[in-house]
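Down below is the structure, laid out as structure tokens.
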Amino acid sequence: KQEVTQIPAALSVPEGENLVLNCSFTDSAIYNLQWFRQDPGKGLTSLLLIQSSQREQTSGRLNASLDKSSGRSTLYIAASQPGDSATYLCAVDTGNQFYFGTGTSLTVIP
Amino acid sequence: DVKVTQSSRYLVKRTGEKVFLECVQDMDHENMFWYRQDPGLGLRLIYFSYDVKMKEKGDIPEGYSVSREKKERFSLILESASTNQTSMYLCASSPSGTSYYEQYFGPGTRLTVT
């Protein structure tokens with residue numbers, strides 16, 4: 001069964017810092033990997049989707065990379081802002097279902 | 001924009017009650033999913049559906065059932081609510097096929113069973 005791990009579980013950084021969130025998965029047979037943002041008490045908002053044939057995707061200050069062979073993905077956030085404070089989750093699609101990590105809770109300090 | 005709506009943001013029910021959670025999507029997506037989210041456990045898949053009247057068990061189907069009579073609507077049913085079903089319930093939808101497509105989530109329903 002696919003297992004998805006996110007490290008660290010929590011991260012606190014000063015405003016303006018660049019940061020990296022990590023996601024690892026145990027089975028490299030995936031169709032895609034998706035990064036989400038979740039604000040407290042809310043649903044998930046999709047940030048980036050990387051197809052299995054791609055190595056990275058960019059959207060504004062966000063850049064996500066995927067290394068399928070090593071079972072790793074990173075989400076890079078440039079010039080962090082207090083509004084980036086949220087929980088970030090990654091999910092892998094195996095074709096049968098999606099498997100989620102438990103998330104990294106990010107706090108950006110003004 | 002894809003919109004996924006859930007019938008209630010907050011719900012309080014008593015042990016033993018039958019509970020219905022409704023999810024509606026407006027983008028003609030074939031796939032719909034029900035998850036529950038608990039601290040430290042992340043999102044866990046309860047049931048999913050690839051088409052009308054079709055359903056598949058996820059990782060934790062016990063104590064739940066689902067109904068999909070129309071393409072846009074996917075209902076989660078707690079036949080007899082128990083306190084261990086207190087959780088955040090999230091519905092999602094995605095287009096057909098074995099992906100390259102994103103999942104879109106609703107705002108969630110916070111269910112408390114007393």
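Everything numeric in this text was worked out from a predicted model, so none of it was measured. Within every chain, numbering begins at 1; the chains are lettered A, B, ... in the order of the sequence lines, protein sequences first and strands thereafter.
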Completion exercise
Of the listed B:L90, B:L43, B:L45, the one with the largest count of heavy-atom pairs under 4.5 Å with chain A is B:L43
Practice task
Identify which of B:E56, B:R44, B:R9 forms the greatest number of heavy-atom pairs closer than 4.5 Å to chain A.
Solution key: B:R9
Exercise for the section: Kindly check if the number of other-residue, nucleotide or ligand heavy atoms within 6.0 Å of CD (A:E3) is above 12? Expected result: no
Exercise for the section: Sequence neighbours left out, what pairs pass disulfide bond (SG atoms under 2.5 Å apart) with at least one residue falling in residues 23-102 of chain A? Expected result: A:C23-A:C90
Problem - Heavy-atom check, side chain of B:E102 versus side chain of A:S46, under 4.5 Å - result: yes
Exercise for the section: Measure the shortest side-chain to side-chain distance between A:K42 and B:M88 over non-hydrogen atoms and say whether it is less than 4.5 angstrom. Expected result: no
Practice task
With side chain to side chain contact (heavy atoms under 4.5 Å, CB included) as the test, would you mind laying out the steps for B:L41 and A:T102 before giving the verdict?
Solution key: CA-CA 6 Å; B:L41 297 176; A:T102 51; 6.0 Å; no
Problem - Heavy-atom proximity to chain B below 4.5 Å, by part of A:I50 - result: neither
Side-chain heavy atoms nearer than 4.5 Å, only ILVMFWY residues, links allowed to pass through others: does that put [X] and [Y] together?
| X | Y | answer |
| --- | --- | --- |
| A:I30 | A:Y99 | yes |
| A:Y76 | A:L62 | no |
| A:Y88 | A:L49 | no |
| B:M32 | B:Y64 | yes |
| A:L106 | A:L89 | no |

Exercise for the section: Check each atom of B:Q103 against the heavy atoms of chain A and say whether the ones under 4.5 Å are side chain, backbone, both or neither. Expected result: both
Exercise for the section: Taking heavy atoms only and a threshold strictly under 4.5 Å, list by residue number the residues of residues 34-41 of chain A that touch chain B; give 'none' if the list is empty. Expected result: A:Q34, A:F36, A:Q38, A:G41
Handout entry: Contacts of B:Y47 that satisfy ring pair (Phe, Tyr, Trp, His ring centres under 6.0 Å) - sequence neighbours left out
Key = none
Practice task
Return the set of residues passing ring pair (Phe, Tyr, Trp, His ring centres under 6.0 Å) with B:Y35 (not counting sequence neighbours), or none when no residue passes.
Solution key: A:F100, B:F105
